Peer 1: 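Before we start, here is the structure in question, set down as structure tokens.
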Amino acid sequence: MSVLAAIVKPLAYISLPVFALHTLANANPLARYYVRIGIYLSVLGVSSIWGVICSIGMGLIGRRFDVFYVVARSFYHLASRAVGIRLIVEGEEYLETRPSVLVGNHQSMLDILYLGRIFPRRASIMAKKELQWSPLLGQFMTLAGAVFVDRGNNARAVRSLTAAGEVMKERHSSLWLFPEGTRSMRPYADMLPFKKGAFHTAIQAQVPIVPVICENYWRLYRKGVFESGTLKVKVLPPIPTTGMTSADAGALAVRVHDLMVETLREISAPPPPDAMPKAPEPAVTPTPLPNPVGAGVPSPASTPVPSQPEPASAPTNAPEKVAEQARTESRASTNASENSSTFSPTLSHSRVEGSENGTETEEDDGMVLVGRPSH
């Protein structure tokens, strides 16, 4: 009887708060958001501890570069059930391309869930240096072979990217980066202009780029909202870099960006009607002032000129027009960053201001793993 009590009592103590949280989450969307955030971060913490254990054990048997694969799958199987989000992957066979540079779109910390589902064997990640000192997570990433980039020091960032390409070829492994450099969550499907670090790394190592796109999940997750559902992930065929030089990095970044944005819009649910950015209003021509001289007698300058009828234009689709404008702006931004770095034959040392994560370098492809959800 005492053995049975020793088993039942702890289960009862655990089940009561779990039942209370489950009931609260079902009753109120805001409560559900905070409950699921707490569960998600708790699973992430448990996975970090599991990652440290795996890193030590797998390092001893010579499988250090499969640690991310094992921990990623473990995290996905726990977290997807806990928060009720399932992922469907198309083109998963392209993830086996090695060595390669894997690039994905970055919306929020929920991206770790899709990484958990698709992260391949013999692959590592590039992360901002600050994560190296995060409790548990930093130790796990260090032991698993992550490449850390110092966002505040351009010279060290450049050396890290160059070394990453060489190590990737030697180990016959892949490297995961987020080329946007920071989170870009928004209600409609779009991406920030790409930084060129991932493309310089791929070109210098002469390895292909493999784009990975997770659909826009604003409908499931944002500030104050955390719902269950299904998400689509699409892996595109490898894009070769053979024969390219550093001068081609900017054009390659634009090409991959446009391809990924097109795919993102293809697999994402339509945004709410009021979510798309508004097109600029047409300029209004000022009306000439009346001539005060000679009341009742119009002067030649004030004589109204009959307006010529404007040629009829074909009706345009507003969302397509806005999407094309956004793509043009992204392209212009990427090209501008490329032009500003033409003084260097290798990697640019320019800095980009204005990120929610502080000052960033042009080659900063830091993987923002943990952070508050974007507003």
Side-chain angles (χ1 to χ4, degrees), residues 14-54 67-89 104-119 125 127-128 130-131 134-141 144 146 176 178 180 182-187 212-233 268-269 356-357 366-375:
I14 294 171
S15 62
L16 284 175
V18 169
F19 177 76
L21 288 173
H22 179 73
T23 304
L24 183 63
N26 287 337
N28 185 283
L30 188 60
R32 179 161 57 248
Y33 168 77
Y34 284 108
V35 168
R36 288 185 173 176
I37 283 287
I39 293 172
Y40 184 81
L41 293 178
S42 298
V43 174
L44 185 61
V46 170
S47 298
S48 297
I49 297 173
W50 172 235
V52 173
I53 297 170
C54 285
V67 171
F68 278 117
Y69 168 80
V70 172
V71 177
R73 291 299 185 277
S74 303
F75 173 77
Y76 172 73
H77 289 303
L78 287 174
S80 64
R81 286 168 173 78
V83 301
I85 294 179
R86 188 171 65 94
L87 286 107
I88 299 173
V89 182
N105 58 319
H106 191 17
Q107 300 177 63
S108 74
M109 70 174 182
L110 196 64
D111 291 338
I112 311 173
L113 191 61
Y114 92 75
L115 277 178
R117 171 62 184 83
I118 59 94
F119 208 82
I125 63 174
K128 59 182 182 179
E130 292 86 342
L131 289 178
S134 299
L136 299 177
L137 182 63
Q139 289 74 40
F140 150 57
M141 293 171 69
W176 177 279
F178 284 128
E180 291 171 278
T182 190
R183 297 180 292 274
S184 61
M185 177 175 277
R186 60 191 77 192
V212 181
I213 304 96
C214 176
E215 74 166 287
N216 181 284
Y217 48 69
W218 179 269
R219 60 190 170 87
L220 297 183
Y221 176 77
R222 59 184 184 274
K223 184 68 174 177
V225 175
F226 203 152
E227 302 295 337
S228 301
T230 301
L231 293 176
K232 290 175 282 187
V233 176
S268 298
E356 62 182 277
N357 296 302
M367 179 171 174
V368 185
L369 283 171
V370 181
R372 294 185 299 275
S374 302
H375 293 270

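Remember, it's a predicted structure, so these values are computed and weren't measured experimentally.
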Peer 1: Can you name the side chain to side chain contact (heavy atoms under 4.5 Å, CB included) partners of Ser134, sequence neighbours left out?
Peer 2: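 Side chain to side chain contact (heavy atoms under 4.5 Å, CB included) list for Ser134, sorted by chain: Leu131, Leu137.
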
Peer 1: Got a sec, which residues hit side-chain hydrogen bond (donor to acceptor under 3.5 Å, both in side chains) with Ser74, two or more places apart in sequence or on another chain?
Peer 2: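 Listed in chain order: Trp50.
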
Peer 1: Shortest non-hydrogen contact from Met109 to Ile37?
Peer 2: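 Residues Met109 and Ile37, closest heavy atoms: CE-CD1, 3.4 Å.
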
Peer 1: Test of understanding: with side chain to side chain contact (heavy atoms under 4.5 Å, CB included), list the residues that count as partners of Val89, not counting sequence neighbours.
Peer 2: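 Applying side chain to side chain contact (heavy atoms under 4.5 Å, CB included) to Val89 gives Glu92, Arg117, Ile118, Val233, Val235.
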
Peer 1: Evaluate the side-chain proximity of Trp218 to Gln107: yes if any heavy-atom separation is below 4.5 Å, no if none is.
Peer 2: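 Not in contact.
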
Peer 1: Tell me the closest heavy-atom pair linking Ser228 and Gly84, and the distance in Å.
Peer 2: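 Here Ser228 and Gly84 meet closest at CB-O, 3.1 Å.
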
Peer 1: Rounded to the nearest 0.5 Å, what's the gap from CD on Glu180 to NE2 on His106? Could you check?
Peer 2: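 Spacing of CD (Glu180) from NE2 (His106) equals 8.0 Å.
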
Peer 1: Compare every heavy atom of Tyr114 with every heavy atom of Leu87, then report the nearest pair and how far apart it is.
Peer 2: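 For Leu87 versus Tyr114, the nearest heavy atoms are CD2-CB, 3.3 Å.
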
Peer 1: Are any of the side-chain heavy atoms of Met185 and Arg222 separated by less than 4.5 Å?
Peer 2: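 A side-chain contact exists here, since the closest heavy-atom pair is under 4.5 Å.
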
Peer 1: Which residues pass the side-chain hydrogen bond (donor to acceptor under 3.5 Å, both in side chains) test with Arg219, not counting sequence neighbours?
Peer 2: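 Partners of Arg219 by the side-chain hydrogen bond (donor to acceptor under 3.5 Å, both in side chains) criterion, ordered by chain and then number, come out as Glu215.
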
Peer 1: Using side-chain hydrogen bond (donor to acceptor under 3.5 Å, both in side chains), reason through Tyr217 and Ser108 one step at a time and then give a plain yes or no.
Peer 2: CA-CA 10 Å; Tyr217 48 69; Ser108 74; 2.8 Å; yes

Peer 1: Quick one: closest heavy-atom pair of Asn105 and Asp111, and the distance?
Peer 2: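 Minimum heavy-atom separation between Asn105 and Asp111: O-OD2, 3.8 Å.
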
Peer 1: Report the distance from atom CG of Leu78 to atom CD1 of Ile39, rounding to the nearest 0.5 Å.
Peer 2: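 Interatomic distance, Leu78 CG to Ile39 CD1, rounded to 0.5 Å: 12.0 Å.
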
Peer 1: State, to 0.1 Å, how close Arg186 and Asn216 come at their nearest heavy-atom pair, and which atoms those are.
Peer 2: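 For Arg186 versus Asn216, the nearest heavy atoms are O-ND2, 2.9 Å.
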
Peer 1: side-chain contact (heavy atoms from CB on, under 4.5 Å) between Cys54 and Val71: does it pass, once the steps are laid out?
Peer 2: CA-CA 8 Å; Cys54 285; Val71 177; 4.2 Å; yes

Peer 1: List the residues meeting side chain to side chain contact (heavy atoms under 4.5 Å, CB included) with Thr230, not counting sequence neighbours, and say none if there are none.
Peer 2: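 Thr230: side chain to side chain contact (heavy atoms under 4.5 Å, CB included) contacts with Arg86, Ile88.
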
Peer 1: Is it the case that more than 12 heavy atoms not belonging to Arg81 sit under 6.0 Å from its CZ atom?
Peer 2: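 Atom CZ in Arg81 is not crowded, with 12 or fewer foreign heavy atoms closer than 6.0 Å.
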
Peer 1: Does Ala72 have any side chain to side chain contact (heavy atoms under 4.5 Å, CB included) partners at least two apart in sequence or in another chain, and if so, which?
Peer 2: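 Partners of Ala72 under the side chain to side chain contact (heavy atoms under 4.5 Å, CB included) test: Phe119.
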
Peer 1: Run the numbers on Arg183 and Phe178 for side-chain contact (heavy atoms from CB on, under 4.5 Å), then give the verdict.
Peer 2: CA-CA 9 Å; Arg183 297 180 292 274; Phe178 284 128; over 6 Å; no

Peer 1: Heavy atoms only: give me the nearest Arg32-Glu227 pair and the separation to one decimal.
Peer 2: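 Closest pair (atom of Arg32, atom of Glu227, distance): NH2-OE2, 3.1 Å.
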
Peer 1: Begin with the C-alpha distance, continue with both residues' side-chain angles, and end with the deciding distance and a verdict on side-chain contact (heavy atoms from CB on, under 4.5 Å) for Leu44 and Ile112.
Peer 2: CA-CA 9 Å; Leu44 185 61; Ile112 311 173; 4.1 Å; yes

Peer 1: Identify, with sequence neighbours excluded, every residue that meets ring pair (Phe, Tyr, Trp, His ring centres under 6.0 Å) alongside Tyr40.
Peer 2: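 With sequence neighbours excluded, Tyr40 shows a ring pair (Phe, Tyr, Trp, His ring centres under 6.0 Å) to Phe75, given in chain and number order.
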
Peer 1: With rounding to the nearest 0.5 angstrom, report the CG to OG distance, Leu231 to Ser268.
Peer 2: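 Answer rounded to 0.5 Å: 9.5 Å.
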
Peer 1: Taking only residues two or more places apart in sequence or in another chain, which ones pass ring pair (Phe, Tyr, Trp, His ring centres under 6.0 Å) with Phe226?
Peer 2: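 For Phe226, the residues satisfying ring pair (Phe, Tyr, Trp, His ring centres under 6.0 Å) (neighbours in sequence not counted) are Tyr221.
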
